[in-house]
S.K.: 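Before I ask anything, let me first share the structure, which is written out below as structure tokens.
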Amino acid sequence: MNAPRKNIWIIEDDSSARFVYSEILALRYSVLFLESLAAFEKQLEEGTPWPDLLLADLRLGDGDFVT
């Protein structure tokens with residue numbers, strides 16, 4: 001029996017970077033791409049369980065992830 005795949009959320013607004021992440025990670029992990037802080041906040045508001053790993057671009061079009 002296979003163990004469930006770990007979940008990774010990637011907050012990234014650059015399509016080229018998303019492609020690279022997908023090529024590297026999607027074979028072994030369940031990856032959810034979010035293109036903005038608003039999309040990330042929507043996931044949290046909907047009560048989606050937190051991922052096992054969160055990767056975030058520090059500077060997004062709709063805000064700064066750090067502050």
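Bear in mind that the values here come from a model prediction, so they are computed numbers and not experimental data.
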S.K.: With sequence neighbours excluded, what pairs up with Ala39 under the side chain to side chain contact (heavy atoms under 4.5 Å, CB included) test?
M.R.: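 Partners of Ala39 by the side chain to side chain contact (heavy atoms under 4.5 Å, CB included) criterion, ordered by chain and then number, come out as Leu34, Ser36.
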S.K.: Can you tell if the side chain of Ile11 reaches within under 4.5 Å of the side chain of Leu54, non-hydrogen atoms only?
M.R.: yes
S.K.: Is there a donor-acceptor pair under 3.5 Å between the side chain of Arg28 and the backbone N or O of Lys6?
M.R.: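 Absent.
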S.K.: Would you kindly confirm whether Leu44 and Leu32 end up in one hydrophobic cluster when ILVMFWY residues are joined by side chain heavy atoms under 4.5 Å apart?
M.R.: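 Hydrophobic grouping puts Leu44 with Leu32.
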S.K.: Evaluate the side-chain proximity of Leu55 to Tyr21: yes if any heavy-atom separation is below 4.5 Å, no if none is.
M.R.: yes
S.K.: Stepwise, does the side chain to side chain contact (heavy atoms under 4.5 Å, CB included) test hold for Leu25 with Val31?
M.R.: CA-CA 7 Å; Leu25 299 172; Val31 180; 4.0 Å; yes
S.K.: Residues in side chain to side chain contact (heavy atoms under 4.5 Å, CB included) with Leu37, at least two apart?
M.R.: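 Testing Leu37 for side chain to side chain contact (heavy atoms under 4.5 Å, CB included), a comparison that skips the adjacent residues, returns Leu60, Asp62, Phe65.
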S.K.: Do you know which two heavy atoms are closest between Trp9 and Pro49, and how far apart they sit?
M.R.: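 Looks like CZ2-O, 3.5 Å.
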S.K.: Roughly how far, to the nearest 0.5 Å, is OH of Tyr29 from CD1 of Ile10?
M.R.: 11.0 Å
S.K.: Under the salt bridge (Lys or Arg N to Asp or Glu O under 4.0 Å) definition, can you give me all pairs with a residue in residues 7-18, not counting sequence neighbours?
M.R.: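 Every salt bridge (Lys or Arg N to Asp or Glu O under 4.0 Å) pair that includes a residue of residues 7-18, provided the two are not neighbours, is Arg18-Glu35.
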S.K.: Check the pair Lys42 / Thr48 against side chain to side chain contact (heavy atoms under 4.5 Å, CB included), numbers first and verdict last.
M.R.: CA-CA 9 Å; Lys42 182 178 178 187; Thr48 306; over 6 Å; no
S.K.: Are the side chain of Asp64 and the backbone N or O of Arg59 linked by a donor-acceptor pair below 3.5 Å?
M.R.: no
S.K.: Tell me whether Val20 shares a hydrophobic cluster with Ile8, the cluster being built from Ile, Leu, Val, Met, Phe, Trp, Tyr side chains joined at under 4.5 Å.
M.R.: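 In one cluster with Val20: Ile8, yes.
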